[in-house]
There are 2 protein chains.
Amino acid sequence: MNMERTWKDQLYQEQARIGKCLSSPKRLEILDLLAQGAKSVEVLSRGTGMSVANVSQHLQTLHEARLVRYTKKGTFVIYELADAAVSNFMLTLHRLCEQQLVEIKRIRTEFTQHHASAEPISLDVLVDRLERGDIFLLDVRPREEYETDHIAGAISIPIEQLEKHLSSLPINMDIAAYCRGPYCLMSAQAVEIINARGLKAFRLEEGVHEWRQFAEQRS
Amino acid sequence: MNMERTWKDQLYQEQARIGKCLSSPKRLEILDLLAQGAKSVEVLSRGTGMSVANVSQHLQTLHEARLVRYTKKGTFVIYELADAAVSNFMLTLHRLCEQQLVEIKRIRTEFTQHHASAEPISLDVLVDRLERGDIFLLDVRPREEYETDHIAGAISIPIEQLEKHLSSLPINMDIAAYCRGPYCLMSAQAVEIINARGLKAFRLEEGVHEWRQFAEQRS
DNA sequence: ATTGTATTCAATTGATTAATTGAATAGTTG
DNA sequence: CAACTATTCAATTAATCAATTGAATACAAT
């Protein structure tokens with residue numbers, strides 16, 4: 001008959017519902033994809049490399065925790081993050097992981113050494129050069145994600161179309177490419193493709209959300 | 001031989017390590033307790049109502065995710081949050097839960113109705129009245145937690161000693177009591193005790209961390 | 001109506017997980 | 001050194017979870 005205990009248990013039980021969503025690598029990946037823009041189950045399935053039924057199941061878990069919501073478009077079900085707060089939360093989570101888990105740093109730097117060709121550019125340098133009109137910024141994500149939100153001044157050329165549109169890149173200016181964020185390799189690929197053409201390109205690790213937050217703090 | 005897939009899987013696997021820590025109600029409760037100050041395994045065991053062995057096990061999970069660290073003091077092992085970032089993160093998580101999960105609001109308001117006697121005071125009103133020296137602020141948490149950090153100007157009278165020290169409360173001034181935060185009932189108990197004595201007391205739901213963040217944003 | 005496509009549902013499997021128990025360790029005190 | 005205390009370890013159990021499979025919906029286009 002300890003009602004304080006049952007009360008606390010209930011509250012933490014509920015909180016854990018959101019926690020459980022973050023305990024599966026695949027669900028984290030789904031959340032990250034959705035942070036870039038609304039997507040159908042099938043698109044998420046292709047993006048994460050898991051079966052449609054499996055994704056659907058994960059999405060239901062996420063929906064029960066009110067982290068995502070959906071709208072039906074004909075036979076499609078379009079999922080999106082339930083609120084901007086969820087996307088901000090994911091950013092905080094990534095920061096915490098990055099800071100606390102040495103393993104993540106290791107995995108990341110291991111990659112950077114392997115792809116030494118993709119020279120990095122930091123967010124503040126990029127913003128600076130963008131303001132001076134001194135750099136050409138390329139968004140290589142799928143068009144819909146660019147349309148959902150993008151870094152101000154960025155031009156959209158989805159990675160699959162990059163080879164075709166290389167000629168539309170400026171030859172007298174440095175180029176920077178970005179994609180979904182640090183765990184996405186599209187920008188690195190883009191840099192390789194561009195560099196192979198003899199142009200100078202940098203890789204911006206950050207994505208739209210990191211940029212938005214950076215821009216807000218500055219003002 | 002899709003190395004991009006394995007790379008992503010590795011990264012999300014690591015992130016999920018932190019996520020897993022948040023998927024158990026009991027671990028969330030441990031983290032909340034530690035956010036108030038360093039504690040031994042036994043103290044955590046009493047505070048959460050679970051067995052020592054079980055707490056120890058959870059603490060190891062938290063330690064593997066680098067969310068907590070420990071120092072040995074004689075035969076005691078004193079655990080604490082690994083970094084202030086962890087405590088900030090918990091605050092963000094609570095906010096998200098509060099915002100997204102209707103159930104939590106329901107459980108909370110159900111309680112407030114039951115304990116209608118504990119009149120609430122909001123953080124901004126309290127801070128205002130504190131600055132004008134217009135209110136007496138009581139910290140009813142255990143002394144060590146008060147010593148770890150407390151709202152500036154608060155006086156420490158741990159809840160168990162409150163009845164004994166009722167005489168040291170001002171009679172010509174309103175009183176506010178606070179404790180660990182919204183999921184802790186000590187401040188509500190305190191208000192009942194004080195009100196029973198004919199003094200006017202309010203309950204502040206927020207804890208030190210909420211106050212610190214509020215104070216920072218204001219400046 | 002029929003076919004096709006996107007999604008969900010339900011049942012099954014193997015893998016993890018949380019809590020319990022009792023023993024083991026390690027430091028402290030008499 | 002013996003007794004004690006705080007903590008961890010290891011083994012067990014029941015419960016929960018993730019992924020797979022195949023069937024069921026539900027809407028759209030022909």
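Computed over heavy atoms, backbone and side chain alike; hydrogens, waters and symmetry mates excluded. As the structure is a computational prediction, the values presented were derived from the model and not from experiment.
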Which pairs, protein N/O on one side and nucleotides 5-9 of chain D N/O on the other, fall under 3.5 Å?
| unit_1 | atom_1 | unit_2 | atom_2 | d |
| --- | --- | --- | --- | --- |
| D:dA6 | O4' | B:Thr75 | OG1 | 2.7 |
| D:dT7 | OP1 | B:Val41 | N | 3.2 |
| D:dT7 | OP1 | B:Val77 | N | 3.2 |
| D:dT7 | OP1 | B:Val77 | O | 3.4 |
| D:dT7 | OP2 | B:Glu42 | N | 2.7 |
| D:dT8 | OP1 | B:Tyr79 | OH | 2.8 |
| D:dT8 | OP2 | B:Ser56 | OG | 2.8 |
| D:dC9 | OP2 | B:Gln60 | NE2 | 2.3 |

Given the side-chain rings of A:Tyr70 and A:Phe76, with only the six-membered ring counted for Trp, is the space between their centroids under 6.0 Å?
no
May I have the distance from A:Arg46 (atom CZ) to C:dT7 (atom C1'), rounded to whole angstrom?
14 Å
A:Lys39 NZ to C:dT7 P, straight-line distance once rounded to whole Å:
13 Å
Does the side chain of [X] reach to within under 4.5 Å of the side chain of [Y], using non-hydrogen atoms?
| X | Y | result |
| --- | --- | --- |
| A:Leu138 | A:Leu169 | yes |
| A:His150 | A:Arg141 | yes |
| B:Ile159 | B:Ser187 | no |
| B:Ser45 | B:Met50 | no |
| A:Lys8 | B:Leu185 | no |

Residues from residues 5-33 of chain B sitting under 4.0 Å of DNA chain C, heavy atoms only?
B:Lys20, B:Ser24, B:Lys26, B:Arg27
Where each residue is assigned the nucleotide of DNA chain D containing its nearest heavy atom, which of A:His58 and A:Lys73 is assigned the position nearer the 5′ end?
A:His58
Considering residues at least two apart in sequence or located in another chain, which fulfil the side-chain contact (heavy atoms from CB on, under 4.5 Å) criterion with A:Gln60?
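Applying side-chain contact (heavy atoms from CB on, under 4.5 Å) to A:Gln60 gives A:Ser56.
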Quick one about B:Tyr183 and B:Asp32 (side-chain donor to acceptor, distance below 3.5 Å, no hydrogens or angles considered), yes or no?
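On atom types as modelled, these side chains do not qualify, holding no pair under 3.5 Å.
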